Amino acid sequence: MDQEIQNNYEVTINGTIERIVYQNDDNGYTVCKVVTEDLNDLTAVGIMPYLCAGEMVTLYGKMVVNTKYGEQLSVESYEKTLPSTENAILTYLSSGSIKGIGNLLASRIVNKYGLDTFDVIENNPLWLCEIKGMTKKKALDISQQFKNQNGIRNVVSFCRDFFSPNVSMQIYSKWGTDSLDMIKQNPYILCEEIGRIPFEKAEEIARSVGIKKKDPNRICAGVMYVLSYNREQNGHVYIPYSKLIAASAALLECEEELIATNLESLSQNGKIVITEVNDEKAVYEKNMYDDEKYVVEKLDLISKYGIKVADKDCEPLIKMVQASNAIKYSPEQDRAITEALENGVFILTGGPGTGKTTITKAMISILESFGATVALCAPTGRAAKRMEEATGFETKTIHRLLEAQRDDLRGETVFLRNSDNPIEEDVVIVDESSMIDLPLLAALLRAVKKTVKIIFIGDANQLPPVGPGYVFKDIVKSDRYNTIELTNIFRQSRESMIVVNAHSINKGEHLDIKPVHGNDFFIVNRMDDESTMSAIVSLCEKGLKEKYNKTVYDGIQVISPSRKGACGTEALCARLQDRLNPPSQEKREKRILNTVFRVGDKVMQNKNNYSLEWKKEGEADGEGVFNGDIGIITAISLKDEQVIVDYDGRVAKYDFSMLDEIELAYAITVHKSQGSEYPIIVIPLYKTSPKLLTRNLLYTAVTRAKNIVVLVGNPEIINAMIDNNKQTKRYTGLQYLLEHYD
């Protein structure tokens with residue numbers, strides 16, 4: 001097993017690059033041989049873009065021992081300087097680092113210009129034409145290559161205390177030789193132009209180059225940071241004007257009047273929109289405002305022009321489907337099907353066991369019976385798979401329906417299906433609609449014709465989406481479009497304590513706490529966090545496996561309210577990994593920061609990756625692995641720098657540089673479980689933030705179970721969660737706009 005063992009000390013190494021063993025031009029990952037100052041040989045590995053043989057370097061990192069390759073320096077950052085002796089300059093030019101210069105030409109250049117070689121190449125390239133074999137075009141090309149390399153060297157050196165070399169590469173790719181000037185003049189541009197650069201980092205750079213606190217670039221960037229932070233972390237689509245002023249002034253330590261002045265500047269520049277929502281002044285990021293406005297306008301068009309079935313035709317069509325399926329719809333179901341057929345926009349909501357799937361199948365059958373084409377979709381892959389299994393009709397993720405692709409140049413997702421290239425189907429049915437955030441709904445509506453029929457299906461009592469907005473709930477509460485809320489629990493569902501208890505939770509009714517509660521709903525009492533953790537591990541390792549023949553790999557999913565805490569997902573994953581998939585000589589592993597990925601681990605994709613290729617036996621190769629997809633690590637290659645993950649037969653390869661896209665999934669948060677269904681779920685009950693111990697979080701967790709719910713921990717927490725019906729405020733204007741749109 002070629003495995004890395006990391007030592008506990010950091011080192012700084014000065015030396016010269018002897019040769020490049022391997023270099024990935026895309027991400028800068030490099031393996032090289034270094035001769036240190038005391039003439040020892042060393043292998044260094046890490047992100048070191050544009051490194052060349054002959055260069056003098058200072059490497060910062062940690063020593064690791066690879067059982068196959070021996071001791072190596074794992075480089076975290078580096079600085080490099082140009083060679084300063086004629087022999088070193090000759091080695092550098094002969095290394096192939098500058099295309100067009102071979103051994104012979106390198107010797108001629110160094111013999112003529114000696115220690116002035118680099119100055120000539122950079123500042124007087126036409127002097128090179130005096131050398132045999134050198135043309136004007138070649139001399140200028142060599143000079144440009146050298147300047148480019150010198151530019152990235154300067155960027156990496158300047159940014160070493162702020163960013164990883166990988167980020168430095170992104171910066172240089174964006175602005176080239178102008179990078180340092182751009183950063184020093186306005187470091188806050190990094191937050192806007194380079195993905196994932198936090199405002200705090202820009203602040204550090206600003207202080208280092210003497211940017212003043214009241215600099216307009218700083219004030220504007222700070223305001224945009226407050227807006228974007230609240231969008232990403234709290235789901236807010238806008239911020240009330242007064243709250244934004246106060247929060248920005250506190251962050252930037254300046255007068256509120258200065259914030260107000262710069263808000264006007266941002267508004268004039270088209271970066272924000274200041275308007276009225278619910279009789280208060282509201283500030284939107286421009287794209288959020290555009291999305292919300294578009295959703296309102298497009299839904300109105302669809303409600304007017306979308307496909308509608310005449311009232312007189314509905315009853316015979318429903319009778320036809322009842323006869324063909326040997327089923328009798330309840331009055332509530334009959335009304336829901338009729339409303340769906342008669343309206344361009346229709347919303348169906350209801351809890352578990354109320355017949356949403358039955359109604360969906362009836363709607364599809366009727367619509368297809370008179371020639372309408374239907375597209376079914378859901379926000380996540382697992383939700384789409386669940387819908388497909390329940391209805392028997394093909395279901396795609398919304399991203400797949402919209403033919404999403406990653407635009408690496410712009411660093412964002414683009415949809416090939418849009419207003420210029422709309423979806424062809426006549427009807428679009430969206431399941432698990434409570435998970436849809438505002439940008440995704442806007443993208444979907446841009447990609448449908450105004451003559452489409454759109455049907456939203458979901459549970460308005462679920463948690464809000466991870467992304468910004470609360471669109472499903474806002475649409476339901478606006479009462480603008482025909483909505484049916486299913487409340488009748490069918491007889492077969494009433495036999496399930498999962499369904500019965502879920503509805504009790506939703507109504508705010510306390511559960512009758514017993515150690516065993518029905519044949520599918522169990523409570524294991526544990527009064528402290530450690531015994532709760534131990535009980536969960538024991539259940540996953542033995543108890544549930546022995547009783548139901550299920551494991552964490554094929555049926556059991558632990559779902560926790562939070563990532564942090566004594567029984568949060570991070571602690572649970574570490575303990576479950578240690579017990580269920582411990583270190584072994586037969587299993588390779590790779591450590592990334594504080595996480596060890598090991599062959600046999602259960603992992604989850606934590607972001608959408610539209611370009612990640614996968615192979616599946618018996619099918620054409622495909623691409624795209626999405627946020628929430630769960631798979632198993634089947635192989636790790638330290639030689640190829642890859643981790644192989646099997647997602648239900650779709651096998652994807654991750655370079656080590658991509659491992660921030662996956663995380664251990666022995667336990668996942670309730671938010672990550674939305675849209676999914678698991679045969680057995682285990683929920684820890686422990687004290688954590690009151691913001692997480694809420695009624696709708698417990699309701700969402702319980703309704704993820706298909707067959708069995710096991711609650712483990714302090715039983716008092718169950719009813720405390722049921723009593724806590726506080727829902728975190730989300731500032732959204734959609735309900736207001738729908739109610740006031742003419």
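Because the structure is a prediction, the values reported are computed rather than measured.
W614 approaches G624 most closely through the heavy-atom pair NE1-O, 3.4 Å. Considering every non-hydrogen atom in both I498 and V702, the closest pair reads CG2-O, 3.8 Å. Across all their heavy atoms, D431 and P379 have their closest contact at O-CD, 3.2 Å. Contact between L511 and N501 at its shortest, heavy atoms only, is CD2-OD1, 3.7 Å. When all heavy atoms of T357 and T391 are compared, the pair lying nearest together is CG2-CG2, 4.2 Å. Taking both residues in full, the closest heavy atoms of L734 and D474 are given as CB-OD2, 3.6 Å, listed atom of the first, atom of the second, then distance.
With contacts defined as side-chain heavy-atom distances shorter than 4.5 Å, the pair V448/E425 does not qualify. Counting heavy atoms from C-beta on, the side chains of R382 and Y678 come closer than 4.5 Å. Taking the side chain as every heavy atom from C-beta outward, Y329 and R335 never approach each other to under 4.5 Å.
Side chains of T694 and N724: a donor-acceptor N/O pair is absent below 3.5 angstrom, by distance only. With 3.5 Å as the limit, one finds a donor-acceptor pair spanning the side chains of Q605 and E661. At a cut-off of 3.5 Å, with distance as the only test, a side-chain donor of K602 or Q557 sits close to an acceptor on the other residue.
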Quiz prompt | side chain to side chain contact (heavy atoms under 4.5 Å, CB included) between V603 and E663, worked out | solution = CA-CA 5 Å; V603 295; E663 58 191 61; over 6 Å; no
Exercise. Please assess I366 against L341 for the test side chain to side chain contact (heavy atoms under 4.5 Å, CB included), listing each intermediate value before the final yes or no.
Key: CA-CA 9 Å; I366 292 171; L341 296 173; 3.8 Å; yes
Practice problem: Mind running side chain to side chain contact (heavy atoms under 4.5 Å, CB included) on V427 and T373 for me, showing each step along the way? | Solution: CA-CA 6 Å; V427 181; T373 53; over 6 Å; no
Exercise. Report the C-alpha separation of E394 and L376 in whole Å, then their side-chain angles, then the decisive distance to 0.1 Å, and conclude whether the side chain to side chain contact (heavy atoms under 4.5 Å, CB included) test is met.
Key: CA-CA 7 Å; E394 180 186 12; L376 273 70; over 6 Å; no
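Counting heavy atoms of neighbouring residues, nucleotides and ligands inside a 6.0 Å radius, atom CD of E739 exceeds 12 of them. Summarising the local packing, CZ of F415 is surrounded by more than 12 heavy atoms from other residues, nucleotides or ligands at distances under 6.0 Å. Residue K308 places its NZ atom among more than 12 non-hydrogen atoms of other residues, nucleotides or ligands, all under 6.0 Å distant. Dense packing is recorded around CD of E509, with more than 12 heavy atoms of other residues, nucleotides or ligands lying under 6.0 Å away. Other residues, nucleotides and ligands place more than 12 heavy atoms under 6.0 Å from the OH atom of Y548.
With a 6.0 Å cutoff to the six-membered ring centre and a 45° limit on the axis angle, R446 counts as a cation-pi contact of Y294.
Distance CD1/I475 to CD/Q735: 11.0 Å, rounded to 0.5 Å. Distance CG/D426 to NZ/K449: 7.5 Å, rounded to 0.5 Å.
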